[in-house]
Structure formats: structure tokens, C-alpha cells
Undergrad: 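Here it is: the structure, laid out below.
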There are 2 protein chains.
Amino acid sequence: MPRLRPSTQQARRENILDAALRCFARGGFHATSMQMICKEAGVSPGAVYVYFASKEDLIAGLCERDRNEFAERFALLAAAPDFLEALQGIGEHYFIDESPDRQRFVVEMGVESTRNPRIAEIFMSVDKFCCDSFEAMFHRLKDEGRIAPRIDIPTIAKVFNVIGDGLFWRRAIEPDFNARQVLPVMTELIGTLLNPVGPHIASKPAGGRLKPEAAS
Amino acid sequence: MPRLRPSTQQARRENILDAALRCFARGGFHATSMQMICKEAGVSPGAVYVYFASKEDLIAGLCERDRNEFAERFALLAAAPDFLEALQGIGEHYFIDESPDRQRFVVEMGVESTRNPRIAEIFMSVDKFCCDSFEAMFHRLKDEGRIAPRIDIPTIAKVFNVIGDGLFWRRAIEPDFNARQVLPVMTELIGTLLNPVGPHIASKPAGGRLKPEAAS
DNA sequence: CCAAACAAAACGATCATTCGTTTTACGGAA
DNA sequence: TTCCGTAAAACGAATGATCGTTTTGTTTGG
């Protein structure tokens, strides 16, 4: 019973997913046709339907791949010795290094989650994982006496979420948005909320590097 | 040459716009058909095409109506005696009182602005207006000696934008998001950036009302 | 009264998906 | 290693449904 070797099978699948990501980032889920994705991937409609039962399946598979990768990277935060530094590292990766296609896709995914229960399950479960992780980290840091927050921890976690949302949205919507300009300020604001007490939490002295390099 | 009286003409037009808003908020621009909008508005396709030349025209008209209303409300900020108080008022209106339909529509509009130049023109012009207004206000407040910001004003304006974006996105995406929980904290963070020096900028003593009423 | 406003059916185009056919890749035999 | 046999994989035209829009005929308000 000759089948494709699992490695090439996954390679073909990922090729389709990559093409779909570019198409969806360019035109959104519902304004992108399967034919466009086929042309972008260099395959026929029949081939796509070998790996995905429907367009919705393709969308869901793409969302799962993206969210799993994000959750993996986010999970590294909990083990980082310097929390604020690790947080800024994640911010630089997702708000500066990440390709515009990926950033626009995440926004598209979030919008779709408001009307497609299946996408909502994928999107919101990772979202909840982030929020819960933040809370757990803050509780741990507080118990260890490294932070002394003036506000209750669930609220701080929500504020974190909202600030991350804002950066992601703005980066996706404004083509020439300069994330480097505001990212340090955001990190400083977050540090204000946590009110760190020890030398372990604040990686750099809060003096010089808050001003952006260029102001128009 | 008997035409409809302008008042009823505008009423019919707005009826279609209202129906389109509900449909677009529910399903997005490209997954909503003209037939759905017709059914929602209780009119026929022929009637819609009397008032709008195309689906894209209908979308653009809806975006213009929404952005004009927002710009009007935002312009009141410049004349407000207490800046932070007026800002929080706007926040409460758009993040708490506003209907979920309107909030989801704005997100849809922003996403569409990344691929439709016409929508981008409408969306980004108001966006730029907000950013410029923020900068102008901050310069004025600084010249009057009411604030003493440690960071350059363009960056602060950007931070404002991003925080507003985050609240709007989160409110649109998470059905039971409690904006009241984080809004006061956001206002406090913004106050930190401005570093007010006089009694005019901070409306309330920065002590008691920062903690949310309920914590889970 | 009459043109604007509207309803409803109908238009070509395009959509996601299917299906009959051809090609290809793999496991085993030589 | 080389060559088959075979079933999965891929192709691409075709499908019915639905899209945005137009057309046709009727209603209606100034």
C-alpha cells in the first residue's frame, strides 16, 4: 500500500499552509479563493483537498500552526531569569522581526474568531493561556519578593494583554509603524505597574535608554 | 421632476447603512452578501443601488459615517478643561457604552484598510488626525507648564494611540471583556508618562480609585 | 401626471468543491 | 541496484450554488 512518506507528506501540507498564509494576509479569509491559494502554492485544487477537507479546515489548520508556535515561544517567558528582558525580547520578535504577512494574519485570525466558533476555540485558548501564565508568573515573583505590585494581579495581567494587543494591531494596520519607538516606553510602563524591588527584575537602570533614537 | 424629499432620502440611506453595519459586524465585509443586507434593511437590491453605486461604495459610506462621528467626538478633547478626565470619558463611551456591533465594525474597517486603498484613506486620515491632535495638545499643555513629560511628545502620542488600539481590539475580540477593570489603570499609566505638575491635569487624587471593584 | 423609487427576476462571473483520469512515488521482487 | 505493480496523489475540467449587479416592469410621491 504505497503512500507518501510522512516527511514529504508534511512538506506538501506546509507548502500549502505557507501559500495560504501569504494569500490570507494579503486579502483576508473570505476574499481569498481556493484557486488563488492553489496558484500561489503551485498545486491543483484536487491536491489541496487531499490535505484539507474544506477551506474552513485549511483556515483552522493555519490558525493552529500559528498559535502553537506562539504558545511555545511564550512559554519560555516563565523560565526566563529576567522577566522584563525576556518580555521585551518577545516583543522585539513579534513586533519588529516578524514578517508583515504573519502579523496581518494574526489580526485576521482574531477577527475571524469573533464569528467562527472553531477559530474562536483555537484563538481564545492560547489567549487564555497567556493571561493565566502572566498571573502565575506574577504570583511567583510576588511570593519571591521580587515585585511589589500596587494593583491586583489579574488586572495587571489584563493590562499586559491589552498593551500587547495594541502593539500587534498597530503594527499590522500601520505599514511604517516604528515599534522600536514605543516598545521601550511600554516596557517601562509595565515595570511601573510591577514596582520591582530587587535587582533581578529590572535588567537595565531606568535612566538612559527610554528616549527613542529619533524624534520627528 | 418629482424626487424624494431630502429628509426621507437621507432616512432611507441611513436605514440601509444601519442594516449594513449590523450585517458587516456579524460577518465581515466579504462574507456578507448584498442580499443579506437587503433582507436586514427590508428593501430590495434595486433600492440599495439607488443610494449606493456598488458594494464598495456602501462600505466606504459606512466607514465615512463612523469615522466622522468619531473625529467629532475626539475633537472635543482639545477644548476640555481637564484632559485626563475627558480622555477617560471618551474611553468609557467607546469601550463600555458603545454597542458590540459598532466596536466590531471598527476592527473590520481597520483590517480592510490594509488592503483597500479607499478605506485606508478614510481610516488613516482620522487616525493621523488623532495622533496630530494628541501632539498639539501635549505641546500646548507643556508650554502652559501643566505637564512635564520625560519623553519626547511624538512618542507619547504614539503610546496613546497604541493603548487605545489595544483597548478597542480587546473589547471587540473578547465578548465579556471588562473594560472598567483596566481603563483606570490605563489612565494612570498615561498620567505617569505626562508627569503632571499642576492641579489642573490630575482630576482626582491618585490614591484610592485605581483598584478595580472586583478581583477574581 | 411622470419621473424617481422600488421590487423581483435574471444575468454573467466566480465561488468552493467534486470527479474521472493521469501521474507519481513507494515497497517488494528480481 | 533495477524494475514493476499498485494505490495514493495530483491534475484540471466540470458542478451546482451563490455572488454582485443589471434589467424589466410596477408603484408611488411631489
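Just so we're on the same page: letters track the sequence lines, and every chain starts at 1.
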Undergrad: Is there a residue in residues 11-22 of chain B whose heavy atoms reach under 4.0 Å of DNA chain C, and which residues are they?
TA: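 Hits under 4.0 Å, by residue number: Arg12(B).
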Undergrad: If the threshold is 4.0 Å, N to carboxylate O, is there a salt bridge linking Asp97(B) and Arg102(B)?
TA: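 Here Asp97(B) does not pair with Arg102(B) in a salt bridge, since their nearest N and O are not under 4.0 Å apart.
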Undergrad: How are the rings of Phe74(A) and Phe70(A) set relative to one another: parallel (under 30°), tilted (30 to 60°) or perpendicular (over 60°)?
TA: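 Aromatic pair Phe74(A)/Phe70(A) classed tilted.
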Undergrad: Could you check Lys158(A) against Asp152(A) for salt bridge (charged side-chain N to carboxylate O under 4.0 Å, His left out), going step by step and ending with a plain yes or no?
TA: CA-CA 10 Å; Lys158(A) 277 287 173 196; Asp152(A) 66 311; over 6 Å; no
Undergrad: Using atom NZ of Lys39(B) as one end and atom P of dC6(C) as the other, report the distance to the nearest whole Å.
TA: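 Nearest whole value for this atom pair: 20 Å.
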Undergrad: I'd like to know if Arg170(B) and Asp127(A) make a salt bridge, using a cut-off of under 4.0 Å between side-chain N and carboxylate O.
TA: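 Salt bridge: yes.
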Undergrad: More than 12 heavy atoms of other residues, nucleotides or ligands under 6.0 Å from CZ of Arg115(A): yes or no?
TA: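 For Arg115(A), atom CZ is crowded (more than 12 foreign heavy atoms under 6.0 Å).
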Undergrad: To the nearest Å, how far apart are Gln9(A) CD and dT24(C) P?
TA: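 From Gln9(A) CD to dT24(C) P: 18 Å.
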Undergrad: Only one of Asp165(B), Thr155(B), Leu194(B) forms a side chain to side chain contact (heavy atoms under 4.5 Å, CB included) with Phe160(B), so which one is it?
TA: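 The side chain to side chain contact (heavy atoms under 4.5 Å, CB included) with Phe160(B) is passed solely by Leu194(B) among Asp165(B), Thr155(B), Leu194(B).
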Undergrad: What is the distance from CG of Asp57(B) to C1' of dG20(D), rounded to the nearest Å?
TA: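 Nearest whole value for this atom pair: 13 Å.
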Undergrad: Counting primed atoms plus P, OP1 and OP2 as sugar-phosphate and everything else as base, spell out the protein contacts along nucleotides 12-20 of chain C at 4.0 Å heavy-atom distance: B, S or - for each nucleotide, 5' to 3'.
TA: ---SSBB--
Undergrad: Within a reach of under 6.0 Å around CD of Gln10(A), are more than 12 heavy atoms found that belong to other residues, nucleotides or ligands?
TA: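 It does not: Gln10(A) CD has 12 such atoms or fewer within range.
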Undergrad: Check the distance between dT28(D)'s C1' and Arg5(B)'s CZ and give it to me in whole angstrom.
TA: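 Spelled out: CZ on Arg5(B) to C1' on dT28(D) is 14 Å.
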Undergrad: Aromatic contact between Phe177(B) and Phe95(B), with the criterion being ring centroids under 6.0 Å apart: yes or no?
TA: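 Between Phe95(B) and Phe177(B), which both carry aromatic rings, the centre distance is not below 6.0 Å.
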Undergrad: Which listed nucleotide (dA9(D), dG12(D), dG29(D)) is nearest to the side chain of Leu4(B)?
TA: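 Side chain of Leu4(B) sits closest to dG29(D).
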Undergrad: So, does Tyr51(B) get its side chain near the phosphate of dC6(C), meaning an N or O under 4.0 Å from OP1 or OP2?
TA: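 Checking Tyr51(B) against dC6(C): at least one side-chain N or O falls below 4.0 Å of OP1 or OP2.
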